[in-house]
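Heavy atoms only: backbone and side chains are in, while hydrogens, waters and symmetry mates are out. Quick note on labels: first sequence line is chain A, next is B, and so on, each numbered from 1.
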Amino acid sequence: MHDIRAIRDGRDAFVRGLARRGLANAAAAADDLLEQDKALRDVLTKLQIQQARRNDASKLIGQAKAKKDEAQAAALLAEVAGLKEDIQKGEAQQRELEEALKAALAVIPNIPAADVPDGADEKHNVPVEKRAYGKPPGLNAPKQHFEIGEGLGQMDFERAAKVSGARFVYLKGDLARLERAIASFMLDTHTSQFGYTEVSPPVLVKSNAMFGTGQLPKFSDDLFRIATDEGDPFWLIPTAEVPLTNYVADEILNEAELPLRYTAFTPCFRAEAGAAGRDTRGMIRMHQFSKVELVSITTPDQSASEHERMTDAAQEILKKLDLAHRVVTLCTGDMGFGAQKTYDIEVWLPGQNAYREISSCSNCGPFQALRMQTRFRNAEGKVKGPVHTLNGSGLAVGRTLVAILENYQQGDGSVAIPAVLQPYMGGKTKIEKS
RNA sequence: GGACAGGUGGCCGAGUGGUUUAAGGCAGCGGUCUUGAAAACCGCCGUGGGUGAAAGCUCACCGUGAGUUCGAAUCUCACCCUGUCCGCCA
């Protein structure tokens with residue numbers, strides 16, 4: 001969410017930022033917002049004069065009645081007779097204008113950071129050369145992960161379809177255990193090596209939380225909604241970013257305790273609206289998948305370096321697993337709604353003969369904090385404004401499992417277990433057909 | 001799910017229609033005193049908005065929303081949350 005005062009003070013920079021995002025009529029949108037803002041402030045100014053008069057008169061009425069001066073009281077009552085209706089009208093107007101302005105602001109995406117490359121789509125993403133790691137292994141006729149998993153008899157899409165429909169999967173035996181092992185390994189790395197605090201959060205959240213991180217109001221089609229008999233619905237989280245970031249919603253944090261770093265292993269639920277026909281085979285794109293998420297809450301000064309640090313933490317997992325990967329800076333047209341800068345980490349999948357996204361690390365700046373009303377105060381107790389929030393996958397567990405299957409596959413159909421995961425697999429060194 | 005009791009600033013807590021401009025206390029910050037500290041004393045001490053160059057003036061906020069009233073922390077309605085007990089339950 002943008003601060004309307006920031007737009008007021010820097011209208012042109014705001015328009016340029018939105019234009020870089022590819023918004024067609026950025027200038028018109030900005031001017032419309034400023035017009036609404038002006039109308040609201042005019043109403044406020046007028047209303048407050050009336051409220052001040054009413055407050056004065058009411059106080060005098062009270063004093064007159066205390067002195068038993070009924071004549072004076074009656075005179076004052078007559079004076080403010082018409083005021084009540086005007087004030088109620090003004091208050092109604094204020095509510096309407098505030099809601100309209102908030103609704104308009106709520107659907108405007110974040111402004112890209114200055115160092116984000118311009119571009120319309122993923123073809124214009126820019127590789128971060130110094131972050132590239134490893135080389136694709138020279139495998140002879142590599143299989144895709146679902147061929148491997150089904151060959152092992154431990155990955156079952158047909159039964160998942162019977163029970164839940166398309167885009168679900170059953171894992172069994174060692175593959176089920178491997179998912180758990182991957183998650184434990186990731187959490188242990190992030191907590192012990194990078195100072196993240198492990199959290200086990202709710203996976204059903206209220207609309208307010210979805211608004212705070214920016215999924216609502218614009219992207220409800222991508223979410224699963226849980227209707228309740230009466231009252232507000234719940235939403236299934238599409239990522240643990242939602243409960244981890246909203247953990248600090250409506251709070252004023254102390255600067256000394258920042259940055260806060262949280263990590264969580266949760267299932268994630270996505271309706272995948274609009275993804276029909278994409279990645280229909282295998283575990284790449286599911287309605288339910290598990291992910292280890294990283295979230296940092298920082299001061300504005302810290303957020304850029306925290307972004308690099310978070311990306312380091314996510315990459316560290318792939319390095320320990322010795323999986324070849326590269327990192328790209330998303331261009332303005334490919335970034336998510338709330339991000340001002342995003343690194344995608346793409347892992348090599350031999351079966352697909354391609355790099356595929358396995359993590360996305362974003363610095364959202366003050367965008368989510370303004371939606372959540374999360375601020376911080378300095379050592380003197382002075383409120384310094386919104387915090388910055390960052391989130392990243394550290395990593396997508398399902399896709400990590402896919403990457404291990406495809407990169408560690410053996411000619412005989414078995415899969416070697418990476419050394420760092422063997423302690424989590426009871427010392428096993430490979431997964432064989434069950 | 002049912003019954004009862006509650007929700008007031010960072011914390012505790014007074015306030016049941018009009019000098020409340022939310023008392024008082026604790027914690028915190030600054031100062032006096034002191035070699036230093038403690039004690040004592042003095043001062044400061046919520047958030048957001050409007051207006052203004054600033055000082056200031058002003059509005060809103062006592063769980064949330066709506067309402068009654070010239071005037072609401074206080075009265076009405078709905079909802080949310082917490083506690084206790086009962087029921088159910090991994």
Using the benzene-type ring in the case of Trp, are the ring centres of Tyr262(A) and Tyr196(A) under 6.0 Å apart?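 Ring centres of Tyr196(A) and Tyr262(A) not closer than 6.0 Å.
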To the nearest Å, how far apart are [X] [atom1] and [N] [atom2]?
X         : N      : atom1 : atom2 : answer
Gln51(A)  : C61(B) : CD    : C1'   : 12 Å
Glu251(A) : G48(B) : CD    : C1'   : 17 Å
Gln94(A)  : C59(B) : CD    : C1'   : 9 Å
Ile87(A)  : A60(B) : CD1   : P     : 9 Å
Asp250(A) : C81(B) : CG    : P     : 15 Å
Glu91(A)  : G65(B) : CD    : P     : 13 Å
Leu253(A) : G46(B) : CG    : C1'   : 16 Å
Gln48(A)  : C61(B) : CD    : C1'   : 13 Å

What pairs of residues pass the salt bridge (Lys or Arg N to Asp or Glu O under 4.0 Å) test when at least one of them lies in [range], not counting sequence neighbours?
range                       : answer
residues 90-113 of chain A  : none
residues 187-213 of chain A : none
residues 18-28 of chain A   : Arg20(A)-Asp118(A)

[N] to [M] separation - [atom1] atoms, rounded to the nearest Å:
N      : M      : atom1 : answer
G46(B) : G9(B)  : P     : 13 Å
G10(B) : A78(B) : P     : 30 Å
A39(B) : G30(B) : P     : 15 Å
G6(B)  : C75(B) : P     : 12 Å
C61(B) : G65(B) : P     : 10 Å
G18(B) : G25(B) : P     : 24 Å
U68(B) : A14(B) : C1'   : 26 Å
G83(B) : G63(B) : C1'   : 15 Å

Salt bridge check: are Asp312(A) and Arg309(A) linked by an N-O gap of less than 4.0 Å?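 Salt bridge flag = no for Arg309(A) with Asp312(A).
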Strictly below 4.0 Å, N to O, side chains only: are Asp279(A) and Arg356(A) in salt-bridge contact?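 Salt bridge present between Asp279(A) and Arg356(A).
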Could you check Ile4(A) against Leu47(A) and say which one's nearest nucleotide on RNA chain B is further toward the 5' end?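 It is Ile4(A), whose closest nucleotide lies nearer the 5' terminus.
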Quick one: list whatever passes side chain to side chain contact (heavy atoms under 4.5 Å, CB included) with Gln373(A), sequence neighbours left out.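 Scan of Gln373(A) (side chain to side chain contact (heavy atoms under 4.5 Å, CB included), adjacent residues dropped) gives Asp250(A).
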Return the set of residues passing side chain to side chain contact (heavy atoms under 4.5 Å, CB included) with Lys319(A) (not counting sequence neighbours), or none when no residue passes.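 Partners of Lys319(A) under the side chain to side chain contact (heavy atoms under 4.5 Å, CB included) test: Tyr133(A), Gln315(A), Glu316(A), His325(A).
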side-chain N/O Arg377(A) vs C29(B) OP1/OP2, d < 4.0 Å: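 No, Arg377(A) has no side-chain N/O under 4.0 Å of OP1/OP2 on C29(B).
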Return no unless some side-chain N or O of Arg375(A) is found under 4.0 Å from OP1 or OP2 of G48(B).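 For Arg375(A), the contact criterion (side-chain N or O under 4.0 Å from OP1 or OP2 of G48(B)) is met.
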Close approaches to RNA chain B from residues 37-45 of chain A, in residue order (heavy atom, under 4.0 Å):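 Contacts with RNA chain B under 4.0 Å: Arg41(A), Leu44(A), Thr45(A).
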Tell me the ring pair (Phe, Tyr, Trp, His ring centres under 6.0 Å) pairs involving residues 22-52 of chain A, sequence neighbours left out?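 Residue pairs with at least one partner in residues 22-52 of chain A: there are none.
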Reckon Arg53(A) touches a base, only the sugar-phosphate, or nothing at all at heavy-atom distances under 4.0 Å?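 Nothing: the residue Arg53(A), judged by heavy atoms under 4.0 Å, touches no strand.
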Residues two or more places apart in sequence or in another chain: which of them pass ring-ring contact (aromatic ring centres under 6.0 Å, His included) with His388(A)?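 ring-ring contact (aromatic ring centres under 6.0 Å, His included) list for His388(A), sorted by chain: empty.
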Sort and list the pairs that fulfil side chain to side chain donor-acceptor pair (under 3.5 Å) and have at least one residue in residues 9-19 of chain A, not counting sequence neighbours.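 Matches after skipping sequence neighbours: Arg11(A)-Asp31(A).
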Thr311(A): partners by side-chain hydrogen bond (donor to acceptor under 3.5 Å, both in side chains), with sequence neighbours left out: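 With sequence neighbours excluded, Thr311(A) shows a side-chain hydrogen bond (donor to acceptor under 3.5 Å, both in side chains) to no residue whatsoever.
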May I ask you to test the Phe367(A)-Pro109(A) pair for a side-chain heavy-atom distance under 4.5 Å?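 Answer no - side chains too far apart.
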Find the runs of at least 3 consecutive base pairs, i with j, i+1 with j-1 and so on, that include RNA chain B, using Watson-Crick or G-U wobble geometry with both distances under 3.5 Å.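 Stem list for RNA chain B: B:1-7 with B:80-86, B:10-12 with B:24-26, B:28-32 with B:40-44, B:46-51 with B:56-61, B:63-67 with B:75-79.
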Measure from the side chain of Arg95(A), starting at C-beta and using heavy atoms only, and say which of A66(B), U58(B), G48(B) lies closest.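 Nearest nucleotide to the side chain: A66(B).
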With distance as the sole criterion, do the side chain of Gln63(A) and the base of G18(B) form a donor-acceptor contact below 3.5 Å?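 Donor-acceptor pair under 3.5 Å: no.
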Classify every nucleotide of nucleotides 69-76 of chain B by which part a protein heavy atom approaches to under 4.0 Å, writing B for the base, S for the sugar-phosphate alone and - for neither, in 5'-to-3' order. BBS-----
